[in-house]
Amino acid sequence: MERRKFLFRSVQASALLLLSGTIFASVLPNINPIKPKKMYAHNLFFWLRKDLSTAEVKDFENFFKGLKKLPYQKNLQYGKPAGSSPRTVLDSTYSYNCAMQFDSLEELEAYGKLPEHLALVQKYKPFFEKMLVYDTVYN
């Protein structure tokens with residue numbers, strides 16, 4: 001008889017726990033909804049002029065080092081094509097790529113208008129013949 005009471009109480013406790021967990025889980029999103037944070041990626045591709053000297057190409061990297069010091073951007077990284085095996089979908093014709101992140105579209109746009117940013121672009125624009133920018137929002 002004692003064993004039956006124990007089992008019955010265990011079943012009751014389990015049911016109560018399950019029910020309260022289900023109720024809590026159903027109201028939790030209304031109490032503190034978790035919204036995925038958006039992240040804005042700013043990707044730059046540069047095709048340097050073919051007539052640049054080795055020293056000028058090396059100097060061009062100072063462009064990225066200068067951008068890295070500016071506010072708003074995060075995780076700035078730059079590099080050259082990886083040398084991946086050729087494929088029809090792969091474009092390795094660019095000289096440099098730069099990728100950075102922003103917390104909001106407003107910060108991304110404010111970054112582009114900074115006087116220091118504009119001065120760096122003006123200084124290093126003669127180094128490249130083509131530049132493409134890809135801005136992406138990730139949810």
Side-chain angles (χ1 to χ4, degrees):
M1 188 69 165
E2 286 299 312
R3 181 165 163 76
R4 232 186 226 173
K5 283 184 182 178
F6 174 76
L7 287 174
F8 182 72
R9 286 187 181 141
S10 293
V11 169
Q12 281 181 323
S14 296
L16 184 60
L17 208 60
L18 182 62
L19 182 61
S20 62
T22 303
I23 291 170
F24 181 71
S26 69
V27 297
L28 184 61
N30 298 326
I31 294 171
N32 188 11
I34 299 171
K35 296 178 184 170
K37 186 177 179 192
K38 291 182 179 182
M39 190 268 299
Y40 291 81
H42 187 57
N43 297 285
L44 315 168
F45 291 84
F46 298 90
W47 285 259
L48 296 184
R49 289 188 2 239
K50 305 281 187 243
D51 62 338
L52 293 181
S53 68
T54 304
E56 288 171 318
V57 171
K58 188 70 179 162
D59 182 33
F60 184 71
E61 291 184 3
N62 290 319
F63 175 57
F64 305 118
K65 293 171 185 173
L67 294 177
K68 197 170 201 169
K69 296 176 185 177
L70 300 179
Y72 305 120
Q73 65 76 29
K74 294 172 179 49
N75 305 319
L76 186 146
Q77 296 184 22
Y78 65 94
K80 297 179 178 186
S84 306
S85 299
R87 301 186 305 278
T88 56
V89 296
L90 180 66
D91 179 359
S92 297
T93 62
Y94 62 94
S95 307
Y96 280 91
N97 163 251
C98 176
M100 58 188 92
Q101 299 171 348
F102 294 85
D103 288 333
S104 69
L105 183 58
E106 293 76 21
E107 287 186 1
L108 169 58
E109 292 183 348
Y111 176 83
K113 296 174 186 172
L114 290 170
E116 302 89 346
H117 175 265
L118 297 173
L120 283 165
V121 170
Q122 191 64 33
K123 178 177 179 179
Y124 289 100
K125 191 173 183 175
F127 286 67
F128 55 89
E129 58 189 37
K130 178 181 173 183
M131 174 187 169
L132 290 176
V133 177
Y134 296 93
D135 289 339
T136 305
V137 62
Y138 296 103
N139 292 323

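What you see is a predicted model; the values in this text were computed from it and never measured.
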Output side-chain donor-acceptor pairs under 3.5 Å for residues 74-84, partner residues at least two apart or in another chain, one line each.
from	atom 1	to	atom 2	distance (Å)
Lys74	NZ	Asp103	OD2	3.0
Asn75	ND2	Gln101	OE1	2.6

Between Gln73 and Leu70, which heavy-atom pair has the shortest distance, and what is it? NE2-O, 3.5 Å

Treating Ile, Leu, Val, Met, Phe, Trp and Tyr as nodes and any side-chain heavy-atom pair under 4.5 angstrom as an edge, say whether Phe63 and Met100 lie in one connected cluster. yes

With a cut-off of 3.5 Å and sequence neighbours excluded, list every side-chain donor-acceptor pair involving residues 104-116.
from	atom 1	to	atom 2	distance (Å)
Ser104	OG	Glu107	N	3.0
Tyr111	OH	Leu67	O	3.4

Which hydrophobic side chains are connected to Tyr138, either touching it within the sub-4.5 Å cutoff or through other members that do? Met39

Taking Met131 as the starting point, is it possible to reach Phe45 by hopping between hydrophobic residues whose side chains are less than 4.5 Å apart? no

What pairs of donor and acceptor atoms, side-chain ones from residues 119-128 against any protein atom, are under 3.5 angstrom apart with sequence neighbours left out?
from	atom 1	to	atom 2	distance (Å)
Tyr124	OH	Asp59	OD1	3.4

dist Lys130:NZ -> Phe46:CZ (nearest 0.5 Å) comes out at 13.0 Å

Any chance NZ of Lys38 has more than 12 other-residue heavy atoms, nucleotides or ligands included, within less than 6.0 Å? no

Residues at least two apart in sequence or cross-chain that pass side-chain hydrogen bond (donor to acceptor under 3.5 Å, both in side chains) with Asn139, listed by chain then number, are none

Between Glu129 and Lys50, which heavy-atom pair has the shortest distance, and what is it? OE1-N, 4.2 Å

Given side chains that start at C-beta, do those of His42 and Tyr40 come closer than 4.5 Å, heavy atoms only? no

With a cut-off of 3.5 Å and sequence neighbours excluded, list every side-chain donor-acceptor pair involving residues 89-99.
from	atom 1	to	atom 2	distance (Å)
Asp91	OD1	Thr93	N	2.9
Asp91	OD1	Thr93	OG1	2.6
Thr93	OG1	Trp47	NE1	2.9
Ser95	OG	Leu48	N	2.9
Tyr96	OH	Glu61	OE2	2.7
Asn97	ND2	Leu44	O	3.0

Give me the atom names and distance for the closest heavy-atom approach of Glu56 to Asp51. OE1-O, 4.2 Å

